[in-house]
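Worth saying up front: this structure is predicted, and the values here are computed from it rather than measured. Lettering follows sequence order; numbering is per chain, from 1.
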Amino acid sequence: MIRVRFAPSPTGFLHLGNVRTALFNFLLAKKERGTFILRIEDTDLERSRPEFQEGIMEDLRWLGLGWDEGPGVGGPFAPYEQSKRSAIYQKYTQKLIDEGKAYYCYVTPEETEAAKKEAVLHHRPLRFDNRGRDFSTKEIDDRKARGIKPTVRFKIENPELKMHDLIRGDVAFNLDDMVGDFIIQRADGTPTFHMTVCVDDALMGITHVIRGEDHLPNTPKHILLLEGMGFKPPAYGHLSLIHGPGGEPLSKRLAAVSVREFRKKGYLPHGLANYIALLGWAPGNDREIFRWEELQQAFSLEHVGKSSSNFDPDKLNWLNGQHLRLLSDSEFTEQAMAYLLREEKLLGEEALVRRVLPVFKESVEYFEQLEEHLDFLEGYFEYDNQVLISRPESREVFEAALAVLPELTAQGDGLYQEFIDKIKPRVKAKGKDLFMPLRVALTGKEHGPELKKLFSQLGTTFLKKCFERALGRGTLYERN
RNA sequence: GUCCCCAUCGUCUAGGUCGGCCUAGGACACCAGAUUUUCAUUCUGGUAACAGGGGUUCGAAUCCCCUUGGGGACGCCA
């Protein structure tokens, strides 16, 4: 039984990169019928904020990435917030010190900084030179007297390390030209990321760590630390990074790629997930559109690529549009209404909007685009083509329409046909000259959905107001 | 500066493990046409790629090396 985790630090909202890591972990868990764990890495008290944790959890739930263990749902290894697990880390740090695998280091930040500059000058790796390992008792007492608080560093004994990465294959490191003994506990007594990650991955029984490629250089450290504590390291897989449309690195400041922004614009969670999955993963055949359950079945780590990829908004829009079209009319209406209500973009009467909504299912790629299509329902709009509306031929059409409306008896789509049949003999205009004025009178726009569909959904009461307005007789609604 | 990772159409990718089935396939975008008395949708067709150079081999997109390019890491952040 595999156990995977997504371990964000609550220092910002989720963006495309984070989400893909979460998604791949989730998908792997579902595919293998394993357990997906959410762990909050909030050991950086300075930058961690509760509202970010809340926000991340909300975004994950919205995407459908529910967790089996973690904040809110609990689990056998609770708590899942690292800020609440200090005593556990403390215990393991002490054990490492007792066993001589870690040591108190009295070297100051200023000294390591200076050593780094020195290293650059001599074309040497920018790493800690382990100078704190062998301080004499006198030296240590001296530094203590100067008020220097020690960090705890993990001793690197075997710098040569080979590992097998689930995605990248065999990777070899020589820690000697990467890092020196690294800090596992800060001078203020709090544990660092390396310590908390290793302890928690071990204690929580994590079997597969799927994370961003930026963590690849950390992995040898983690393997060594884990082994030092007597644990068997999990399998690691490193995902290459996602970049923006222009190839620029993704950043938390880039609003265009934050999950919240996609929610706000009205993307379907499963459309977004489908798109993200395709960034770095391919099914091995030509298929691209996956329903949520299908994605969970199709996913496999073997087909995850090694090269980095760029986010392409065009393709996301297309794919989301495809997912929209997969929805039934009633599903579409429910989801669109929920969106319009949530984002306070509802224009016109709710019942009317509900009826009209399905007409636009093929016209939009995400819900925000509904806004410009629906604005005519509110009644206060400018005609795209005022000249067309004012033409005598057009006015004749509107007069005839008003005369025909009360005579209509058909229901549904037949309403429009009956209307056309009855109005045609009464007016001179035909073809485009007949249909364009009708279209503009209804929606104010020259382009839009099929008149036939729209007509029957609007209802004769609303239609009557439309034609009256087109003739300059009052507005659809009274302004208050 | 040091180390690590990566490299197929503009973009996402298939193919690479088992070299010949690849005159390199699909998708987005773009262009053209059809359908739709509008726009969109849908459909059909088209432009477009194995970064460069060396090897290995009868044969390389596929294996090896170098170069170049891109990315990442080098925190008492995670």
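For the C1' atoms, the distance linking G25(B) with G15(B) amounts to 8 Å, nearest Å. The P atoms of A51(B) and U13(B) are separated by 15 Å, rounded to the nearest whole Å. The separation of A27(B) from U62(B), taken at their C1' atoms, amounts to 23 Å, rounded to a whole angstrom. Taking the C1' atoms as reference points, A32(B) lies 35 Å from G70(B), given to the whole Å. Remark: the separation of the C1' atoms in C43(B) and A24(B) is 26 Å, to the nearest Å. Here, C6(B) and A48(B) have their P atoms 31 Å apart, quoted to the whole Å. Going from the C1' atom of A60(B) to that of G54(B) covers 14 Å, rounded to whole Å.
Sorted by first and then second residue, the pairs that involve residues 173-199 of chain A and meet salt bridge (charged side-chain N to carboxylate O under 4.0 Å, His left out), not counting sequence neighbours, are Arg127(A)-Asp176(A), Arg133(A)-Asp181(A). Each salt bridge (charged side-chain N to carboxylate O under 4.0 Å, His left out) pair with one or both residues in residues 5-21 of chain A, not counting sequence neighbours, appears once here: Arg5(A)-Asp201(A).
Among residues two or more places apart in sequence or in another chain, the side chain to side chain contact (heavy atoms under 4.5 Å, CB included) test is passed with Arg426(A) by Ala400(A), Ala403(A), Val404(A), Glu407(A). For Pro220(A), the side chain to side chain contact (heavy atoms under 4.5 Å, CB included) partners are Leu161(A), Phe173(A), Leu175(A), Met178(A), not counting sequence neighbours. Not counting sequence neighbours, the partners of Asp421(A) by the side chain to side chain contact (heavy atoms under 4.5 Å, CB included) test are Gln417(A). In this structure Glu46(A) satisfies the side chain to side chain contact (heavy atoms under 4.5 Å, CB included) test together with Asp44(A), sequence neighbours excluded. Listed by chain and number, the residues in a ring pair (Phe, Tyr, Trp, His ring centres under 6.0 Å) with His222(A) are Phe193(A), His194(A) (sequence neighbours excluded). Asp329(A) is linked by a salt bridge (charged side-chain N to carboxylate O under 4.0 Å, His left out) to Lys361(A), counting only residues two or more places apart in sequence or in another chain. Residues that satisfy the salt bridge (charged side-chain N to carboxylate O under 4.0 Å, His left out) test with Glu227(A), not counting sequence neighbours, are absent from this structure.
Here the range on RNA chain B touched by chain A, meaning any atom under 4.0 Å from one of its heavy atoms, is G1(B) to A78(B).
Relative to the ring axis of Phe299(A), Lys31(A) does not place its NZ or CZ within 45° and under 6.0 Å from the centre.
Within 4.0 Å (heavy atoms only), Pro8(A) reaches no atom of the nucleic acid at all. Residue Leu216(A) is in sugar-phosphate contact alone, with no base atom involved, counting any heavy-atom pair closer than 4.0 Å across all strands shown. Val152(A) comes within contact range of no nucleotide atom at all, as no heavy-atom separation falls under 4.0 Å. Contact annotation for Lys116(A): backbone-only contact, meaning every heavy-atom pair under 4.0 Å involves sugar-phosphate atoms and none involves a base. Within 4.0 Å (heavy atoms only), Ala187(A) reaches at least one base atom of the nucleic acid.
Residues of residues 39-53 of chain A that place a heavy atom closer than 4.0 Å to RNA chain B, in numerical order, are Glu41(A), Thr43(A), Asp44(A), Arg47(A). Of the residues in residues 172-182 of chain A, Ala172(A), Asp177(A), Met178(A) come within less than 4.0 Å of RNA chain B through at least one heavy atom, sorted by number.
Salt-bridge check for Glu51(A) with Arg49(A): passed, with a basic side-chain N closer than 4.0 Å to an acidic carboxylate O.
Aromatic rings of Phe13(A) and Phe52(A) (six-membered ring for Trp) have centroids within the 6.0 Å cut-off, being under it.
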